[in-house]
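The structure under discussion appears below in the form of structure tokens.
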Amino acid sequence: MTATAPAQAQAQAPAAAVAHFRFFALEVLRTRRLGHSFLRVTFGGESLADFRSGGYDQSLSLFLPQPHQDHTTLPSTDEETWFGAWRAMPDEERPVMRSYTVREQRRTPEGADEVDIDFVLHGEGSPASSWAGRAVSGRRILAIGPAVAENKSVRFQPPPGTDAILMYADETALPAAAAILDRLPDGARVKAWFEVPHEDDRIVLPTLADADITWIVRADPGPGRTDRVLDVLRAAGLPGAEAPYAWIAGEAGTVRAVRRHLVRERSVDRRAVRFTGYWRLGRTEEQLLAEAYAGESPSEEPDSAL
Ligand SMILES: Cc1cc2nc3c(=O)[nH]c(=O)nc-3n(C[C@H](O)[C@H](O)[C@H](O)COP(=O)(O)OP(=O)(O)OC[C@H]3O[C@@H](n4cnc5c(N)ncnc54)[C@H](O)[C@@H]3O)c2cc1C
């Protein structure tokens, strides 16, 4: 499911993707705890001079070292050969590939390029979450990220004429939602539901938009979580709008249910709904990747009849 655009593009259509995505060497500069569940990792590195985030929900693919390794190394970072070389590595040596969001890219007054990524710390046994929890300055990883700002891993694309934006995000998509809100113009009408595991995850979200945000603090971490989200949505009024655009991201089952609710119960045009499963309850990203390559589990199905 979550073979994300950069990685999929590299793996499936290398020639077309060359200009849009490339490998970047990232070095941890510092970390900062945000709220209860989030850790911001700030990366630097000379190659970031060529990094071009498109903003909004720009994602990238990280390659993280195994617990016994300090840094990520790959046999090849050539766009035509890396994927085969990465797949051929022994399991215990192969860097762990995971999708994350560029929360912010900036150039410091001293001219250094930095990228922030906000990791959800969700479990010690999970490679990416555990890596983030152990990250210290100087650790080096690799990433496939954007080399041009207009690229297909910016999924938030409201069509012209959109007069209201509906958003649902769980904690994994909150960095993307925050980056979207950062960029929306003054007065843009937004109705958003953000689902988080803990009261302290209700972080401040600076925006010029006219944003009505409802926080849903999760009581049930299991499958019952989706019903609670739907209860909150069903009880909510939507902004009166002719052409709403919906952006939905988070746990795949909840994402599908929210999309279905908006399309079937609220008559939102299915073509104006962008939905992405960021993870799936009970499945690691390796399992989802294997399913995606077997054609079993697309992460986005804008035209399907879910
Ligand atoms: C486009 C995109 C952008 C993303 N951006 C971000 C981001 O900015 N920040 C972020 O934290 N995540 C983000 N994610 C989600 C992240 O890739 C997944 O949560 C991923 O599974 C984490 O890898 P892991 O190694 O920690 O866990 P995995 O090894 O993949 O999973 C191990 C177990 O943990 C479960 N699990 C995975 N994530 C969570 C979670 N958050 N809470 C509870 N259980 C979980 C799985 O179902 C599995 O059972 C993004 C995903 C996509 C597709």
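Counting from 1, the numbers follow the sequence of the chain as shown. In each ligand, atom 1 is the first atom listed, and ligand 1 is the first ligand listed.
Both the backbone and the side chain of Pro127 come within contact range of ligand 1, each with a heavy atom under 4.0 Å. Contacts of Phe119 with ligand 1, taken as heavy-atom pairs under 4.0 Å, involve the backbone alone. The residue Ile117 has no part lying near ligand 1, judged by heavy-atom distances below 4.0 Å. Of all the heavy atoms of Leu281, the ones lying under 4.0 Å from any atom of ligand 1 belong exclusively to the backbone.
The residues Arg30 and Glu114 are annotated as salt-bridged, a charged nitrogen and a carboxylate oxygen being separated by less than 4.0 angstrom. With salt bridges taken as basic N to acidic carboxylate O contacts below 4.0 Å, none links Arg280 and Glu285. Between Arg103 and Asp182 there is a salt bridge, with a side-chain nitrogen of the basic residue lying less than 4.0 Å from a carboxylate oxygen of the acidic one. By the 4.0 Å N-to-carboxylate-O rule, Arg283 lies close enough to Glu291 to be salt-bridged with it. Using a 4.0 Å cut-off between charged side-chain N and carboxylate O, Glu79 and Arg22 make no salt bridge.
For atom 3 (C) of ligand 1, the nearest non-hydrogen atom from the set Trp279, Tyr278, Trp131, Phe38 belongs to Tyr278. Of the options His122, Arg155, Glu124, the smallest heavy-atom separation from atom 38 (N) of ligand 1 is shown by His122. Considering Glu286, Arg283, Glu251, Gln287 only, the shortest heavy-atom separation from atom 48 (C) of ligand 1 involves Arg283. Comparing Arg280, Met97, Glu285, Arg98 against atom 29 (O) of ligand 1, the shortest heavy-atom distance belongs to Arg98. The heavy atom nearest to atom 27 (O) of ligand 1, considering only Ser37, Ala132, Ser61, Ser126, is found in Ser126.
At least one N or O atom of Ala128, backbone or side chain, sits closer than 3.5 Å to an N or O atom of ligand 1. Checked by distance only, ligand 1 and Ser59 stay at 3.5 Å or farther apart across all their nitrogen or oxygen atoms. Between Val120 and ligand 1, at least one N/O pair is under 3.5 Å apart.
Applying the salt bridge (charged side-chain N to carboxylate O under 4.0 Å, His left out) rule to Asp70 yields the partners Arg139; only residues at least two apart in sequence or on another chain are considered.
Within ligand 1, counting atoms from 1 as listed, the ones closer than 4.0 Å to a heavy atom of Pro175 are 8 (O). Near Ser129, the atoms of ligand 1 lying under 4.0 angstrom from a non-hydrogen atom of the residue are 26 (O).
For the ligand labelled ligand 1, residue Gly282 lies inside the 4.0 Å heavy-atom shell.
The closest side-chain donor-acceptor pair between Glu93 and Gln69 falls under 3.5 angstrom.
For residues 241-252, the set of pairs meeting the salt bridge (Lys or Arg N to Asp or Glu O under 4.0 Å) definition, not counting sequence neighbours, is empty.
Put simply, the residue from Leu166, Asp210, Ile165 that forms a side-chain contact (heavy atoms from CB on, under 4.5 Å) with Lys191 is Leu166.
Leu62 and Leu121 fall within a single hydrophobic cluster, where Ile, Leu, Val, Met, Phe, Trp and Tyr are joined by side-chain heavy atoms under 4.5 Å apart, directly or via other members.
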